[in-house]
2 protein chains.
Amino acid sequence: MNFFQEKAVTSSDKTFFQLREEIVEGHISAGSKLSEVELSTKYEVSRAVVREAINRLEACNIVERKANVGARVVTLTSEGLLELYQIREALEGMAARLAAQNMPDAEINQLSSLLKGQQDEVKQRNVYYQEAGDLDFHYRIIVGSQNQQLITMLSNGIYHLARMYRVQLGMTGPRVTTAYDEHIHIVRAIANRDGELAEILMRRHIQYSKNNIAVKLSNMK
Amino acid sequence: MNFFQEKAVTSSDKTFFQLREEIVEGHISAGSKLSEVELSTKYEVSRAVVREAINRLEACNIVERKANVGARVVTLTSEGLLELYQIREALEGMAARLAAQNMPDAEINQLSSLLKGQQDEVKQRNVYYQEAGDLDFHYRIIVGSQNQQLITMLSNGIYHLARMYRVQLGMTGPRVTTAYDEHIHIVRAIANRDGELAEILMRRHIQYSKNNIAVKLSNMK
DNA sequence: AACAAATAAATTGTCGACAATCTTATTATT
DNA sequence: AATAATAAGATTGTCGACAATTTATTTGTT
């Protein structure tokens with residue numbers, strides 16, 4: 001999962017990563033309460049480190065906390081999804097534009113050949129790709145923007161929330177191949193140093209995947 | 001200062017607000033170390049609450065922390081400023097567009113009349129306005145976007161960082177009146193429900209104020 | 001004197017206990 | 001029986017102490 005390599009040096013780090021994974025992957029269900037004592041016995045650490053982990057999750061918008069009451073995992077709503085993808089569209093659209101300006105040729109070539117390497121697998125067997133491949137792609141472009149604050153924002157917060165939505169709505173399905181083609185076009189625009197086009201294509205790309213998820217969400221109710 | 005009313009219910013909240021203010025206002029200088037014991041004696045609370053406050057500041061990108069070493073106030077750089085305003089441009093541009101779609105008429109009128117009320121003071125005496133007035137303006141438009149995640153992002157993190165830059169670079173000066181006129185035009189676009197124009201104007205407005213600050217920053221070195 | 005190793009000091013990370021607050025259950029009153 | 005007041009239970013917030021790690025100082029060796 002982690003391209004942005006996060007090493008857990010402290011015990012609190014480890015607990016934070018574990019908790020985040022369990023929530024994002026849906027093993028701890030949305031809306032459920034996070035009891036400090038319960039979690040501290042479960043992970044065999046003190047309440048203090050659980051507390052710190054929960055605080056960090058709150059900063060990521062993965063849990064909500066009320067003073068003297070406790071923390072709950074956020075509940076997924078279609079409004080929340082829309083809001084999240086609006087933000088992604090704005091930020092990653094910008095990232096694509098900046099990447100067209102700033103991304104080193106070496107990184108662009110690397111990304112380009114990475115995509116080519118996936119081509120056969122994607123076109124023939126329709127499996128895979130959506131999860132790790134998509135995330136990897138987006139992350140590389142964010143890094144290519146060379147805006148450090150943007151990198152932090154997305155890799156600390158937004159991506160995990162977005163993944164939580166996708167995972168819990170059971171994202172598979174037929175979007176795989178068209179997404180691949182969109183990726184190809186975006187990289188081409190970046191390689192041509194056409195920031196304007198790169199932004200437009202990236203925004204479209206995110207809109208599509210938003211619609212894809214929104215359909216599933218409306219089917220669930 | 002706080003339009004987004006933040007009530008300190010817990011002791012940790014209060015410490016967090018105090019610390020943030022001291023840093024943003026420059027009483028604790030950029031780049032300086034934050035000792036947990038030192039601060040706990042200063043604010044007369046336990047180390048645990050100081051720790052929690054520092055963790056929150058870290059989540060806001062106001063301090064940086066290394067495990068087993070400690071936390072330092074971030075250092076202001078021209079690159080950091082550029083990055084921050086790039087993000088603001090994207091997010092607040094979007095907010096202006098969304099506000100043109102979603103902001104209730106009542107709120108628009110309220111904002112409009114607020115600006116008119118400031119007109120005389122701004123045009124005659126060239127003083128004031130930049131600080132609280134500008135922040136209030138931007139915040140109202142963010143709220144008008146009705147994107148909750150966006151509101152959280154900006155009012156928890158970005159605005160305080162942006163303010164830190166402005167305060168510590170001694171923002172006063174002749175930008176006051178032109179900023180006022182820009183605000184007027186943005187509100188007009190929103191009132192006309194012209195999202196496209198509102199976004200363009202907002203982006204320009206932020207670019208201008210970025211340039212204004214960047215000049216000061218380059219003069220300092 | 002210069003460098004390396006060992007020791008000491010200081011700082012952060014973790015823990016268990018107590019205090020304050022909220023939630024639930026019980027009792028009292030109408 | 002229904003509602004309000006009170007008490008009991010459970011959960012979070014805060015604290016001081018100890019452990020682990022880093023940094024500074026001292027000591028030892030060449």
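The chains referred to below are lettered A, B, ... by the order of the sequence lines, with proteins before strands, and numbering in each begins at 1. As the structure is a computational prediction, the values presented were derived from the model and not from experiment.
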Q: Please state how far atom NZ in K66(A) lies from atom C1' in dG13(D), giving the value in whole angstrom units.
A: 17 Å
(Q) Tell me the interatomic distance from R72(B), atom CZ, to dT11(C), atom P, rounded to whole angstroms. (A) 13 Å
Q: Verify the contact: side-chain N or O of S11(B) to OP1 or OP2 of dG13(D), cut-off strictly under 4.0 Å; return yes or no.
A: no
Q | Distance in angstrom units between R47(A) CZ and dA19(C) C1', rounded | A | 11 Å
(Q) How long is the straight-line distance from CZ of R51(B) back to OG of S40(B), given to the nearest 0.5 Å? (A) 12.0 Å
Q. How is L34(A) classified with respect to the nucleic acid when contacts are heavy atoms under 4.0 Å: base, sugar-phosphate, or nothing?
A. sugar-phosphate
Q | Separation of atom CD in E52(A) from atom P in dG13(D), rounded to whole Å | A | 14 Å
Q | Atom of I62(A), atom of I23(A) and distance for their closest heavy-atom approach | A | CG2-CG2, 3.7 Å
Q. Considering all heavy atoms of both residues, which atom of Y165(B) and which atom of L84(B) are nearest to each other, and what is their separation?
A. CD1-CD2, 4.0 Å
Q) Mind checking whether H205(B) and F137(B) have parallel, tilted or perpendicular rings, split at 30° and 60°? A) perpendicular
Q: Would you mind reading off the distance between I54(A) atom CD1 and dG13(D) atom P, rounded to a whole angstrom?
A: 9 Å
**Q.** Given dC15(D), dT12(D), dT23(D), the nucleotide with the shortest approach to the side chain of V69(B)
**A.** dT23(D)
(Q) Rounding to an integer number of Å, can you tell me how far F16(A) CZ sits from dT14(C) P? (A) 14 Å
(Q) Does dT14(D) have its OP1 or OP2 closer than 4.0 Å to a side-chain nitrogen or oxygen of S46(B)? (A) no
(Q) Under 4.0 Å from OP1 or OP2 of dG13(D): is there any side-chain N or O of S12(B) that close? (A) no
(Q) From C-beta outward on E36(B), which listed nucleotide comes closest to its side chain: dC18(C), dC15(C), dG13(C)? (A) dG13(C)
Q: For residues A96(A) and I190(A), report the shortest heavy-atom separation together with the two atoms involved.
A: O-CG1, 4.1 Å
Q. Taking CG from N68(B) and P from dT23(D), how many angstroms apart are they, rounded to a whole number?
A. 9 Å
Q) Does K33(B) make a side-chain N or O approach to OP1 or OP2 of dT12(C) shorter than 4.0 Å? A) yes
Q) On DNA chain C, nearest-nucleotide positions of D13(A) versus A67(A): which is more 5'? A) D13(A)
Q) Of all the nucleotides listed (dC15(C), dG13(D), dT14(C)), which has the minimum atom distance to the side chain of T10(B)? A) dG13(D)
Q: Could you check how far OH of Y43(A) sits from P of dT14(C), rounded to whole Å?
A: 16 Å
Q. Of all the nucleotides listed (dG13(D), dC15(D), dC15(C)), which has the minimum atom distance to the side chain of R51(A)?
A. dG13(D)
